[in-house]
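Quantities reported herein were computed from a predicted structural model and do not represent experimental measurements. In listed order, ligands and their atoms are each counted from 1.
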Amino acid sequence: MVELQLNENWQLCDIKKQDWVPAQVPGDIYSVLLKAGKMSDPFFGDNEYQAKALMEENYEYRTVFTYDEKQFENCQEVLLRFDGIDTIADIYLNECYLGKADNMHRVWEFPVGELLQKGENTLRVIIRSPLKFMAEAFKKYKNIGNEDTVEGFMHLRKAHYMSGWDWGACLPDGGIFRPVTLLGIKSARLDSIYIRQVHEDGKVLLIPEVDVETVDEEEIDTDGKNSVEIPDQGVESEADEDLLEYEVTVTAPDGTKIVSNGSPDEIVIENPQFWWPNGLGEQPLYQVQVDLKAGDKTVDTWCKKIGLRTLTMHIEKDEWGESFAHEVNGHQIFAMGADYIPEDNLLQRTSKERTRELLLQCKRANFNTIRVWGGGYYPEDWFFDLCDELGLMVWQDFMFACSVYELTPEFEANIRQEFIDNIKRIRHHASLALWCGNNEMEMFVKQGNWVTKPTEVRDYLLMYERIIPEVLREYDPDTFYWPASPSSGGSFDEPNDPNRGDVHYWEVWHGNKPFAEYRKYFFRYASEFGFQSFPSVKTLETVTDDPRELNPFSYVMEKHQRNYGGNGKIAKYMQAAYRYPENFSAFVYASQLLQADGIRYGVEHYRRNRGRCMGAIYWQLNDCWPVISWSSIDYYGRWKALHYYAKRFFAPVMISCEEQSWMTAEADMNRQHFQFEKSIRLNVTNETLDAHKVLVKYAVRSADAKILRQEEQWVEVPALSSSWLEKVELPEIDCFNEYVSYEAWENDQIISQGTVIFSYPKYFHYLDPKLAVRVEGDEIVVAADAYAKSVEIRNETENLVLEDNYFDMNAGERRVKILDGKPEGLQVRSVYDI
Ligand code: BMA
């Protein structure tokens with residue numbers, strides 16, 4: 001196959017103005033206008049309003065490219081392929097109308113062989129206003145959905161978050177966001193390859209299902225055949241040799257190759273090296289290359305990396321209801337990770353390097369799973385390649401979220417093709433753990449939210465319980481399918497049941513419940529729960545240059561808070577835990593600690609109850625613009641306190657403490673019977689394939705960190721399990737002046753640790769820890785004179801990434817490695833400073 005990328009000479013204009021400027025393709029309209037000085041930074045202040053208005057208009061992309069017949073010699077068909085157009089587009093080649101595109105999640109191809117002329121050719125792509133389309137569709141159908149976005153958003157197959165979300169600006173950009181290619185096809189091409197795996201007797205059989213498309217558009221399924229006869233085409237070409245065959249070359253991680261020709265039915269991999277999620281083993285990848293041959297000529301090639309593994313969901317009735325756990329190579333494992341949203345509003349700014357940076361931080365924080373949420377777009381190939389390499393299992397939603405859709409015949413045909421395109425593109429990835437129908441629709445449709453007519457309920461069932469399963473049966477029967485998130489298996493059967501399937505738990509935050517509420521539930525798999533915080537001051541300084549706006553309740557801060565009243569909610573929760581912060585920086589710090597502690601409260605509880613609960617995926621990993629949100633890493637890649645906490649609470653072997661305290665009892669000190677239990681119950685959980693024998697030490701300490709009483713105990717924790725220690729009552733502990741530290745030791749090293757107090761962080765009588773910080777080589781050393789809670793180390797650019805941060809110290813010194821950033825202008829503080 002001949003490929004010519006059409007990524008040069010592009011220009012763009014607002015059709016009414018005809019104000020042509022150079023454009024980048026692949027890219028997006030806002031990025032072009034920004035570069036040309038035709039709009040202001042849409043993230044700054046409230047510029048979002050002007051940026052949104054720009055999408056009331058239609059735009060035209062245009063390029064002139066040279067077609068060299070020689071390059072396409074022997075090609076029987078030439079196709080113009082768009083890997084992604086956002087969204088409604090009319091396409092013309094040499095003033096001939098090729099057709100319309102109306103789904104950004106699809107690949108669009110047009111036969112252009114007849115229309116190409118020698119020399120210069122003009123390609124025009126008219127992008128229609130998405131806002132006008134949505135407004136008209138809303139008038140027609142009146143469907144309703146999530147209120148944070150533009151009415152009618154569900155009728156357009158465009159990433160929903162672009163029209164606003166409760167963490168996202170309304171910036172409905174458009175563009176040609178993926179490559180445009182001219183494809184020259186010689187007699188036939190590989191339409192799709194599905195590599196199935198059979199694991200038996202210590203070997204893996206790879207079974208290639210190869211679909212070949214011949215130029216006369218007849219598709220031939222070569223599955224189970226040794227060769228393909230192609231029909232007589234009456235054209236002189238390699239195809240006249242009449243025999244199409246494929247050859248498979250498998251390259252093992254060590255470089256050894258197995259070449260199988262003659263359209264093999266299976267390839268046997270002896271001594272297979274298995275792919276494991278992060279923390280459980282390595283991620284060896286095998287390269288599979290399929291060459292389509294017409295006689296001795298190769299006419300097309302498919303080359304991808306796969307991982308040898310079995311990966312499904314284990315669902316079985318048990319004493320609590322029904323289990324729901326990833327089963328990898330026969331082991332049920334606890335999913336640890338976060339929900340992923342698109343990385344930017346302006347898609348031209350995304351790149352493999354940027355995604356690598358983000359996903360690397362997931363690996364660093366001990367993630368083994370990531371959920372791709374259904375209100376964005378299906379990620380680029382590189383996203384999945386990186387998840388394969390880093391060992392991150394992907395929970396992949398289909399792109400439907402928080403609304404009801406109108407299943408007209410045209411809409412159905414459109415989404416069916418969307419499913420096929422994406423399933424074929426993604427299914428070979430080792431990291432693909434499951435497909436999921438949608439985000440939060442089963443639950444809300446059942447509750448009657450958004451439902452205005454009975455057909456919407458019927459259409460829900462058709463889409464997620466008939467059409468998608470049908471398409472998956474044909475294109476990816478080996479990957480597990482789950483109808484919705486949350487769900488208990490479908491058909492509106494208690495979708496958010498705590499005892500079955502996955503759960504979205506929002507009583508903490510949306511329901512205003514305290515953190516201790518997490519402990520009331522033993523979900524089988526928490527796929528969403530979250531708490532917001534402010535990103536770092538340096539990040540917020542990019543959205544305003546007025547220092548007065550750096551205040552939690554200012555106009556600009558509330559413009560960058562999309563969950564109505566969210567900043568006030570942070571303040572309300574903060575009142576319960578911390579003293580009143582004296583300045584904005586302290587407020588930001590306290591908000592991050594609050595978020596980190598809240599999520600820690602949930603995750604530690606879920607992991608202690610491993611076996612019953614088998615997943616903790618918090619909402620949310622990242623941001624698509626600078627915003628106050630639930631993320632643990634902000635738009636600029638800065639780690640919030642939560643990401644460091646995640647690294648600790650997702651540690652493969654983790655010690656945690658289920659304490660009973662003033663905070664867990666929520667006791668009101670001004671009531672007559674004010675009292676609460678003071679006790680600890682330690683637990684060590686092990687998410688590795690090996691047993692661990694750890695020495696658990698805990699100590700009651702005074703505020704100066706002196707040990708008042710100490711105990712230690714050896715604990716054996718079998719592989720993939722969690723072990724409880726006996727509960728210890730501490731009725732005498734002084735909850736204002738004493739605390740408990742706990743540690744898990746292995747090979748004379750602390751592998752996991754923490755501290756716990758029995759009142760609230762705000763009431764504890766901290767002594768001034770007189771924190772001091774210095775740099776020694778690639779390490780930062782912090783020294784404390786007394787107990788220091790949630791010690792934060794910052795540099796002047798606030799972009800340090802450290803081995804650990806926001807940790808508790810029992811006085812003494814602590815060394816942490818610098819992973820990224822320069823240790824210049826270091827500052828250090830702890831809860832004492834709030
Ligand atoms: C869940 C998600 C998102 C939303 C988040 C925070 O419902 O699925 O739709 O942004 O909670 O409210």
Open item on the list: Would R648 pass as a cation-pi partner of Y645, given that its NZ or CZ must be under 6.0 Å from the six-membered ring centre and within 45 degrees of the axis?
Closed with: yes

Open item on the list: Strictly below 4.0 Å, N to O, side chains only: are E343 and R349 in salt-bridge contact?
Closed with: no

Task: Check: K158 side chain, D173 main-chain N or O, donor-acceptor pair, under 3.5 Å - done: yes

- [ ] Could you tell me which atoms of ligand 1, counted from 1 in the order shown, lie closer than 4.0 angstrom to a heavy atom of E528?
- [x] 1 (C), 2 (C), 7 (O), 8 (O), 11 (O)

Task: Residue and atom name of the nearest protein heavy atom (relative to atom 9 (O) of ligand 1), distance in Å to one decimal - done: W165 NE1, 2.9 Å

Open item on the list: Any atom of ligand 1 sitting under 4.0 Å from a heavy atom of W509?
Closed with: no

Task: Y806/Y644 aromatic ring centres below 6.0 Å - done: yes

Task: Sub-4.0 Å atoms of ligand 1 with respect to non-hydrogen atoms of N439 - done: 8 (O), 9 (O)

Task: Working for salt bridge (charged side-chain N to carboxylate O under 4.0 Å, His left out), residues D102 and R157 - done: CA-CA 7 Å; D102 59 0; R157 296 307 294 148; over 6 Å; no

Open item on the list: If we only consider heavy atoms of Q620, is any one of them less than 4.0 Å away from an atom in ligand 1?
Closed with: no

TODO: Among all protein heavy atoms, pick out the one at the shortest distance from atom 4 (C) of ligand 1; state its residue, atom name and that distance to 0.1 Å.
DONE: D166 OD1, 3.4 Å

- [ ] Could you list which atoms of ligand 1 come closer than 4.0 Å to a heavy atom of H510?
- [x] 6 (C), 12 (O)

- [ ] Answer yes when E406 and K453 have at least one side-chain N-carboxylate O distance shorter than 4.0 Å, and no when they do not.
- [x] yes

- [ ] Say whether W630, considering both its backbone and side-chain N or O atoms, lies within less than 3.5 Å of an N or O atom on ligand 1.
- [x] no

Open item on the list: I need the atoms of ligand 1 closer than 4.0 Å to a non-hydrogen atom of E440, numbered in the order shown.
Closed with: 1 (C), 7 (O), 8 (O)

Task: Test side-chain hydrogen bond (donor to acceptor under 3.5 Å, both in side chains) applied to Q332 - qualifying residues, sequence neighbours left out - done: H314

